[in-house]
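First the structure, in the form of structure tokens, and then the observations on it.
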Amino acid sequence: MTVRVRVAPSPTGDPHVGTAYVALFNRTWARRNGGQFLLRIEDTDRVRSNAESEKMIFESLRWLGLTWDEGPDIGGPCGPYRQSERVAIYLEHAKSLVASGAAYYCTCTAERLEGVRKAQDAAKLSPRYDRRCRDLPASEVQKQIDAGAKWVIRMKVPAEGECRFRDVVRGEVVFAWDQIDDQVLLKSDGWPTYHLANVVDDRLMGITHVIRAEEWISSTPKHIRLYEAFGWTPPVWCHVPLLRNKDRSKISKRKNPTSLNWYRDQGYLPEAMVNFLALMGFSMPGGVEVFGPADMDREFSIEKINAGGPVFDLQKLDWMNGQYLRKLSPDELATRLGPFGAAGHDAATVRRIVPLIQDRLRVLSDWTELTAFFFGDLAAPDPALLAGKKQTPAQVRDLLSRARPVLAAAEWTDAALEASLREVAAAAGVKPGDLFMPLRVAVTGRTNTPPLTATLEVLGRDRSLARVDAALACLA
RNA sequence: GCCCCCAUCGUCUAGUCUGGCCUAGGACACAGGCUUUUCAAGUCUGCGACACGGGUUCAAAUCCCGUUGGGGGUACCA
């Protein structure tokens, strides 16, 4: 049997990092087994679902390279892959469950349900549907429906016994049936709930392994009951841990960036992002931490996924991003910097700057801050910054005055400039740094920059001299 | 409240299934050194954990039970 897995996000809000995380494991498992990875859009919540969100899911998963073999936008043999286009299928299946006695119509109103819940709460009982319509004669419920009452279809959960299932990452899990609610399967608007749509689609789409987030573990008995009621064999269950905030609660946008758009806009490289996500719960043999999809396809197994919920650590992501940033060729890096501000400048200049900042970039969006002094005009330098803590303005003025004619005459290359400036420092009887730092501040306006002489080379003689003159003027 | 899941350095983890090779290994972060014209990058060293209590066993991070802690679920949301 060929492995078929899926990721089934709901298109509400920004594309979520958790979606990418689950997609990664699913997709890798498919590739590892020569199977298929599908993308299914679960838009049965008519209030919250929207087309824009769906579009962003497509874009962000593609950005990460987490592409699918079948999906709403590319089709496939089991379509449609958007649940809103499959409503008739769910209705039909819900009715078949009623016909076979596994489900029943319920006409209870929201108000009555609310009252039941309150009473249960007061009596310190678990909030649950009291099964009134299940216990009523079917003819009685039918009479209400004929009279125009709104109805839903609920599943009939066994009154006693237990539901056992095997989860790949957790082993055997047991729930007592009396803990499980008679879940609504078909809402009063005729649309299915997650539970129904999910089970029906997984079956109709030939899903063999359900690899999904841990938050679904407590509704798995409902799903298993549905498979039984339909007479279907359930898939293999595999609940992967939830990504966590620093305080270990389920990752949320209030406490941690969760939007894939944010990571893209910050300038995290997609390959670093995927590598980092892979590290959350999976580890390569030999402790290798920097690896690509091909390596993971070779070594991954759902049995190896850790059960504990990993804290999403931005610091380590930054480190990982640096690993990938430094591996890029300068040309490639220049290209990737395009959308982050580099595209607005002369390509040849950008290309010369790139090697100077490659080791200093944390994320691509650092580009602007790191390179601003290469472009446009510089504000008048701050005399205090020029002199630093160890030198007096007069000393700095002297040093810059000595450097000025040398810069005016030197061969304008990194190596020649360095040699000339070292001579100036020696002649003045100071350490190279005593000259380099004020010159750096004069020419860039800041104390930390790429190596000075390489920076000068790119900046050019005219602009460099003009900035030295401006500094000298400040010190006068 | 009830149900379920989880538990190795601050964080991600190896080791747990198949008990001895673990005075618990690696990575991030942190601290210090080296390198050095600054900042990075690189490199070296250091700091740092088997949640607790019982059992089983010649032997437990590894198996069992309990406690504690954390998380999730408890909707006509997914």
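Quick note: numbers below take in every heavy atom, side chains included, and nothing from hydrogens, waters or symmetry partners. Numbered from 1 within each chain, the chains take letters A, B, ... in sequence-line order. Treat the numbers as computed from the prediction; the structure is a model and nothing was measured.
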Using a 4.0 Å heavy-atom cut-off across all strands, classify A/Arg48 as base, sugar-phosphate, or nothing.
base
Under a 3.5 Å limit for both distances, which nucleotide forms a Watson-Crick or G-U wobble pair with B/U37, could you say?
none
Span that lies between the P atom of B/U68 and that of B/U45, in whole angstrom
44 Å
Nucleotide nearest A/Pro451 when distance is taken to its side chain, options B/A27, B/U11, B/U37
B/U37
Taking the basic N atoms (NZ, or NE/NH1/NH2) and the acidic carboxylate oxygens, is any pair closer than 4.0 Å for A/Asp130 and A/Arg112?
yes
Nearest to the A/Met280 side chain among B/G1, B/C12, B/C76, which nucleotide is it?
B/C12
Should A/Glu289 and A/Lys316 count as an ion pair when the cut-off is N to O under 4.0 Å?
yes
Which listed nucleotide (B/U13, B/G71, B/C6) is nearest to the side chain of A/Pro310?
B/U13
Between B/U38, B/G42, B/U37, spot the one nearest the side chain of A/Thr453, thanks.
B/U37
Could you give the CD-to-P distance, from A/Glu214 to B/G73, as a whole number of Å?
9 Å
Could you state the atom-to-atom distance from CG of A/Asp313 to P of B/C9 in whole Å?
15 Å
Is the phosphate of B/A14 approached by A/Asn306 (side-chain N or O, under 4.0 Å from OP1 or OP2)?
yes
Of the candidates B/C76, B/A78, B/C28, the side chain of A/Gln183 sits closest to B/C76
Using the P atom in both, what is the distance from B/C50 to B/U23, to the nearest Å?
14 Å
With the side chain of A/Arg422 defined as its heavy atoms from C-beta on, choose the nearest nucleotide among B/U36, B/G1, B/C28.
B/U36
With rounding to the closest Å, how many angstrom separate the P atoms on B/A31 and B/C39?
14 Å
Within less than 4.0 Å of OP1 or OP2 of B/U13, is there a side-chain N or O belonging to A/Lys304?
no
So if I take every side-chain heavy atom of A/Ile217 and compare against B/C4, B/U38, B/U11, which nucleotide ends up nearest?
B/C4
Tell which nucleotide pairs with B/U23, taking only Watson-Crick or G-U wobble pairs whose two distances are both under 3.5 angstrom.
none
Hydrogens and angles aside, do A/Asp45 and A/Tyr194 bring a side-chain donor and acceptor to less than 3.5 Å of each other?
no
So A/Arg440, base contact, sugar-phosphate only, or nothing? Heavy-atom distance under 4.0 Å.
base
Is the phosphate of B/G72, meaning OP1 or OP2, less than 4.0 Å from a side-chain N or O of A/Arg244?
no
From the list B/C12, B/C3, B/G1, which nucleotide is the closest neighbour of the side chain of A/Pro127?
B/G1
Using side-chain contact (heavy atoms from CB on, under 4.5 Å), reason through A/Val443 and A/Leu459 one step at a time and then give a plain yes or no.
CA-CA 9 Å; A/Val443 159; A/Leu459 209 48; 3.1 Å; yes
Please state how far atom CD1 in A/Ile180 lies from atom P in B/G72, giving the value in whole angstrom units.
19 Å
For B/A14, take OP1 and OP2 only and decide whether either is under 4.0 Å from a side-chain N or O of A/Ser283.
yes
Which base, if any, makes a Watson-Crick or G-U wobble pair with B/A59, both distances under 3.5 Å?
none
For A/Arg131 and A/Val157, what are the C-alpha separation, side-chain angles and deciding distance, and is it a side-chain contact (heavy atoms from CB on, under 4.5 Å)?
CA-CA 10 Å; A/Arg131 296 182 174 171; A/Val157 167; 3.7 Å; yes
Give none if B/C2 has no partner; otherwise give the nucleotide forming a Watson-Crick or G-U wobble pair with it, both distances under 3.5 Å.
B/G73
Can you tell which of B/C28, B/G42, B/G71 lies closest to the side chain of A/Lys316?
B/C28
What about the rings of A/Tyr105 and A/Trp151, do their centers lie closer together than 6.0 Å?
yes
Rounded to whole angstroms, how far apart are CD on A/Gln179 and C1' on B/C3?
5 Å
Rounded to whole Å, CD of A/Glu289 lies from C1' of B/G25 at a distance of 12 Å
Between B/G72 atom C1' and A/Ile251 atom CD1, what is the distance in whole Å?
15 Å
Round to the nearest Å and state the distance from A/Leu196 atom CG to B/C77 atom P.
13 Å
Take A/Tyr21 and A/Val240 through the side-chain contact (heavy atoms from CB on, under 4.5 Å) test and state the conclusion after the steps.
CA-CA 9 Å; A/Tyr21 179 60; A/Val240 308; 4.3 Å; yes
A/Lys250 vs B/G73: side-chain N/O to OP1/OP2 distance below 4.0 Å
yes
Using the P atom on both, measure B/C52 against B/G33 and round to a whole Å.
35 Å
Would you indicate what A/Arg362 reaches in the nucleic acid, counting non-hydrogen atoms under 4.0 angstrom: base, sugar-phosphate, or nothing?
nothing
For A/Leu361 and B/C39, give me the distance from atom CG to atom C1', rounded to whole Å.
13 Å
If the cut-off is 4.0 Å, is A/Arg128 near the phosphate of B/C3, judged by side-chain N/O to OP1 or OP2?
no
If B/C30 has a Watson-Crick or G-U wobble mate with both distances under 3.5 Å, name it; if not, just say none.
B/G46
Taking only the side-chain heavy atoms of A/Ser10 (C-beta and beyond), determine which of B/A78, B/A29, B/C76 contains the nearest atom.
B/A78
Identity of whatever pairs with B/A7 - Watson-Crick or G-U, under 3.5 angstrom
B/U68
For A/Ile305 and A/Pro241, which heavy atoms make the closest approach, and how far apart are they?
CG2-CD, 3.9 Å
Phosphate contact (B/C76 OP1 or OP2) by A/Arg154 side-chain N/O below 4.0 Å:
yes
Verify the contact: side-chain N or O of A/Thr44 to OP1 or OP2 of B/A78, cut-off strictly under 4.0 Å; return yes or no.
yes
